[in-house]
Structure formats: C-alpha cells, structure tokens
Number of protein chains: 2
Amino acid sequence: MLIGELARQTGCDAETIRYYEREGLLSAPQRSSSGYRRYNAEQLGELNFILHCRSLGMSLADIRNLAAFKADHRHDCEDINLLIDQQIGKVHRQIESLRLLEQQLLALRDKCHDTHSAADCGILQTLVEAAEGEPCVCHTPFGQDNHGHSHDHDHAAKKNGRTQKGRP
Amino acid sequence: MLIGELARQTGCDAETIRYYEREGLLSAPQRSSSGYRRYNAEQLGELNFILHCRSLGMSLADIRNLAAFKADHRHDCEDINLLIDQQIGKVHRQIESLRLLEQQLLALRDKCHDTHSAADCGILQTLVEAAEGEPCVCHTPFGQDNHGHSHDHDHAAKKNGRTQKGRP
DNA sequence: ACAAACCTTGTAGTCACTACAGGGTCAAGC
DNA sequence: GCTTGACCCTGTAGTGACTACAAGGTTTGT
Ligand SMILES: [Zn+2]
Ligand SMILES: [Zn+2]
Ligand SMILES: [Zn+2]
Ligand SMILES: [Zn+2]
C-alpha cells in the first residue's frame, strides 16, 4: 500500500502521514526500489491509533507517550490513567471558560438589535468603554482586583512578579 | 510612559505589545531621542481594546476589522453584528464539540479503575481496538459511514473528492 | 566607574499541520 | 518510443499568536 492509499483508507492527508513519520509517531515504512513508502496493516493500525487519539484532543507528545506505554508491556497503567485524567481536566476547563465566553458574547450582542451607524452601536460602545476602564466581567486595568471570576485569557495583571517601581 | 510601564498597567507582555505594533493593531507610538517607545492614554485605550477583544476569543484579524469599523464612523454596524454573531457561533460549536469529547474521554476513563499492568489496561485496549476497526463513537476506518454524529476533528473520509482508483 | 534595570532590533522557536517548488516514477494509451 | 497524467519524493516556508533569546544601546543610582 502506497501513501496515497493509506491516506484514502484513513482519511488522513498524505503530507500529514509524512509529518507523523518525521515526528517519530509513525514507524518508518519499508521503501520500494524507487523510494516509495510501502505500508502494511500494522502501520494502518498505528496511524488509526494516532488519529483516534488526536480526535480525543491529545497532543502529539501525549500520543508519543501513550504509544511508549503501549510498547512497554511491563509498565503499569498509572501513567495512562494520569494522562487521560489530565486530558479530561484540560477539556473540562476549556468548556468552562468557553461557556463564560459565550455568556459574555451574548451579553455583548444584546447591546445592538438593528442596523444603524457604527458610531452609535452599543456593541462598539461597550467594547470601547471596557477598554477605557469601565467595569466589565473580564477586564480590570490598573491592577485593581477584579470581582471573583476570570476566564482563560484574562488580560489584567497576571504574572508580573517584577520590580514595578514605575519610571515615567 | 515606556513600554514596560504600559505592560505593567495592562498585564500584557512588552514583547506582545511590540508584536501588536508590528501586526498593525496598535498604532506606532512616538519615540524618545534614544528610540524608546513613549505611550500615552490613547494607546493605553487601544491596547486595552485589543486585550479585551482577545479575551472574548477574537482573532487578531477580527480585531483589526473591528478597529477599522470603529475608526470609520459613517460605516453602519451590520458588519459588527455579523462579526460578533460569527464569534458566538464559533464558540458555541467549540463547546458542543468539547462536550462530546468530554463524554468520550469519561467513557474511556471508565475502562480502568485501579492500577495494574499496562498490557491489561482497559483504556489502552479500547484505544487499540478503536484503531483496529472496532466500532467507536468517532472513528470509522475504510470509509464505512459512521452512525450519525461526528465531532470537530473526525478523522475518517472527510474531504477526499479524488480519483480513488487505488494502485497497490 | 560600574551595575542593574530598562530599552532596541532581529531572529528563531512553539504546535500541528498545510502548501508549495522542483523534481522523480509508473502505467496506460497512441 | 513517447507523452500524458497520476502518483511519489525531499525540502522549505507559511499559518496564528505569541514567546524566548541574542547582542547590543540607554538611563539611573551608588
Ligand atoms: Zn449596532
Ligand atoms: Zn476586558
Ligand atoms: Zn488501567
Ligand atoms: Zn476514532
């Protein structure tokens, strides 16, 4: 089976297959005399394993680890559980943060109902006011502490453990 | 105000501020005689606007557009509404797909309860079976049509409108 | 005079691909 | 035997939104 056929059977682009090989996720296949990659059922399984894990949102690094655990049969499965648990946690946090985001976007959308001049648009006004320091759900300039929650990429005063003496 | 002070006031890294300037999101500030960037309240507002939009999950391209709408006061706000609606749609679809993902991960996690050899781990077994063609929620090799749903990065037979005659 | 803290530019790295460019190979048809 | 076209190869560069240097210049305090 050549790379195009493997691509067709898995639904994975041929360039992506080569990329996985380069990244060491897929074992290097045999080559024909002219240098064409020739795949067999084993590699088909390997690739499907990768694709399935990717569809579960795992990073290539995670998949590499998982494949190593799979290869080493004496290894216990604690690390596997940890990896899946971390993945679940990651996905869960993403969902939480996106839900908050959706709320904020819906609230913002609610500021404008029908078409009119951009200058009077409630959406734009809300956005500009937020930028100018009016209180908003996500946004706290000048290092005032914000009221409780903060989503994923909260943009005020997060990690500045610096001197902060302030030169004008 | 120098770049470090702006960084401190906004919680945005100085290198990111320079990046936004390079990308044309932030207007180029005045320079001191020695070439240092000097910012004023206007640019503080500009940056906060960007950061606030970013925290709403907008791309830099979207923010550039939004800033252009803001600048052109004769423009009507239809495009603004469209942009926000698209953003809401994007976020909503992401949530849906992540929820499905979470279900799948929880189901997978349920296959293993206590530590044992990786060779016997239900998680790994489930993953390998999925790769070998056993039915699974996301995964359909060999172009069989899958049973109804598919999440974001479904990996089987999506966009191969190609010749598909198959050379072994 | 010197160090610390700041600033500058430019380049390269991240992740998981994607898109060429510039070639080589193979089977079928004429 | 030659052309056509589908397929394959390598290598490089681009995406988005940063992040992390390297190598140097400036300002401020002691
Ligand atoms: Zn409006
Ligand atoms: Zn904000
Ligand atoms: Zn287990
Ligand atoms: Zn699958």
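Each chain gets a letter, A, B and so on, in the order the sequences are listed, and its residues count up from 1. Keep in mind the model is a prediction, meaning the values are calculated, not measured.
- Phosphate proximity of D/dT10 to A/Arg22: absent, as no side-chain N or O sits under 4.0 Å from OP1 or OP2.
- Listed nucleotides C/dA16, D/dC7, D/dT27 differ in distance to A/Arg8; the shortest reach to its side chain belongs to D/dC7.
- Take the nearest nucleotide of DNA chain D for B/Ser33 and for B/Ala61: the residue whose nucleotide is more 5' is B/Ala61.
- Nucleic acid contact for A/Arg37: sugar-phosphate only, since backbone atoms but no base atoms lie under 4.0 Å from a heavy atom of the residue.
- A/Gln104 places no side-chain N or O within 3.5 Å of a backbone atom of B/Leu56 that could act as its donor or acceptor partner.
- Residue A/Arg31 places none of its side-chain N or O atoms closer than 4.0 Å to OP1 or OP2 of C/dG24.
- Rounded to an integer number of Å, the gap from CD1 of A/Ile63 to P of C/dC17 is 8 Å.
- Side-chain contact between A/Arg38 and A/Leu2 is present, with heavy atoms from C-beta onward closer than 4.5 Å.
- One atom, CG of B/Leu2, and another, P of C/dT8, lie 7 Å apart when rounded to the nearest Å.
- Residue A/Glu23 contributes atom CD, which lies 14 Å from atom P of C/dT18 at whole-angstrom precision.
- With a 6.0 Å radius and a threshold of 12 heavy atoms from other residues, nucleotides or ligands, A/Arg74 has its CZ atom at or below the threshold.
- B/Leu56 has its CG atom 14 Å from the P atom of D/dA17, to the nearest Å.
- As a whole-Å value, the separation of B/Glu5 CD from C/dC6 C1' is 12 Å.
- A salt bridge links B/Glu5 to B/Arg8: at least one charged side-chain nitrogen sits closer than 4.0 Å to a carboxylate oxygen.
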| field | Candidate pair B/Asp85 and A/Arg109, rule side-chain contact (heavy atoms from CB on, under 4.5 Å), full reasoning | value | CA-CA 7 Å; B/Asp85 284 340; A/Arg109 183 63 183 84; 2.6 Å; yes

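- Residue contacts for A/Ser59: at a heavy-atom cut-off of 4.0 Å it reaches the sugar-phosphate backbone alone, with no base atom in range.
- One interatomic measurement links the two molecules: CD of B/Gln30 to C1' of C/dC7, which rounds to 17 Å at whole-angstrom precision.
- Residue A/Arg54 has a polar side-chain atom (N or O) positioned under 4.0 Å from OP1 or OP2 of C/dC17.
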Please list, for nucleotides 21-25 of chain D, all pairs of protein and nucleotide N/O atoms separated by less than 3.5 Å.
unit_1 : atom_1 : unit_2  : atom_2 : d
D/dC21 : N4     : B/Glu15 : OE1    : 2.7
D/dG25 : N2     : B/Tyr36 : OH     : 2.6

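- Of the side-chain N and O atoms in A/Arg18, one or more sit less than 4.0 angstrom from OP1 or OP2 of D/dC9.
- Atom CE in B/Met58 sits roughly 13 Å away from atom P in D/dA17 (whole-Å rounding).
- Taking atom CZ of residue A/Arg38 and atom P of nucleotide C/dC26, one finds them 9 Å apart after rounding to whole Å.
- Side-chain contact between A/Asp79 and A/Asn65 is absent, with no heavy atoms from C-beta onward closer than 4.5 Å.
- When each of C/dC17, C/dC7, D/dC18 is scored by its nearest atom to the side-chain atoms of A/Leu60, the top-ranked nucleotide is C/dC17.
- Under the side-chain hydrogen bond (donor to acceptor under 3.5 Å, both in side chains) rule, A/Glu102 has a single partner from B/Gln87, B/Gln94, B/His92, which is B/His92.
- Looking only at side-chain heavy atoms (C-beta outward), B/Ile80 and B/His75 stay at 4.5 Å or farther from each other.
- In terms of position along DNA chain C, the nucleotide closest to A/Tyr19 lies nearer the 5' end than the nucleotide closest to the other residue of the pair A/Ser32 and A/Tyr19.
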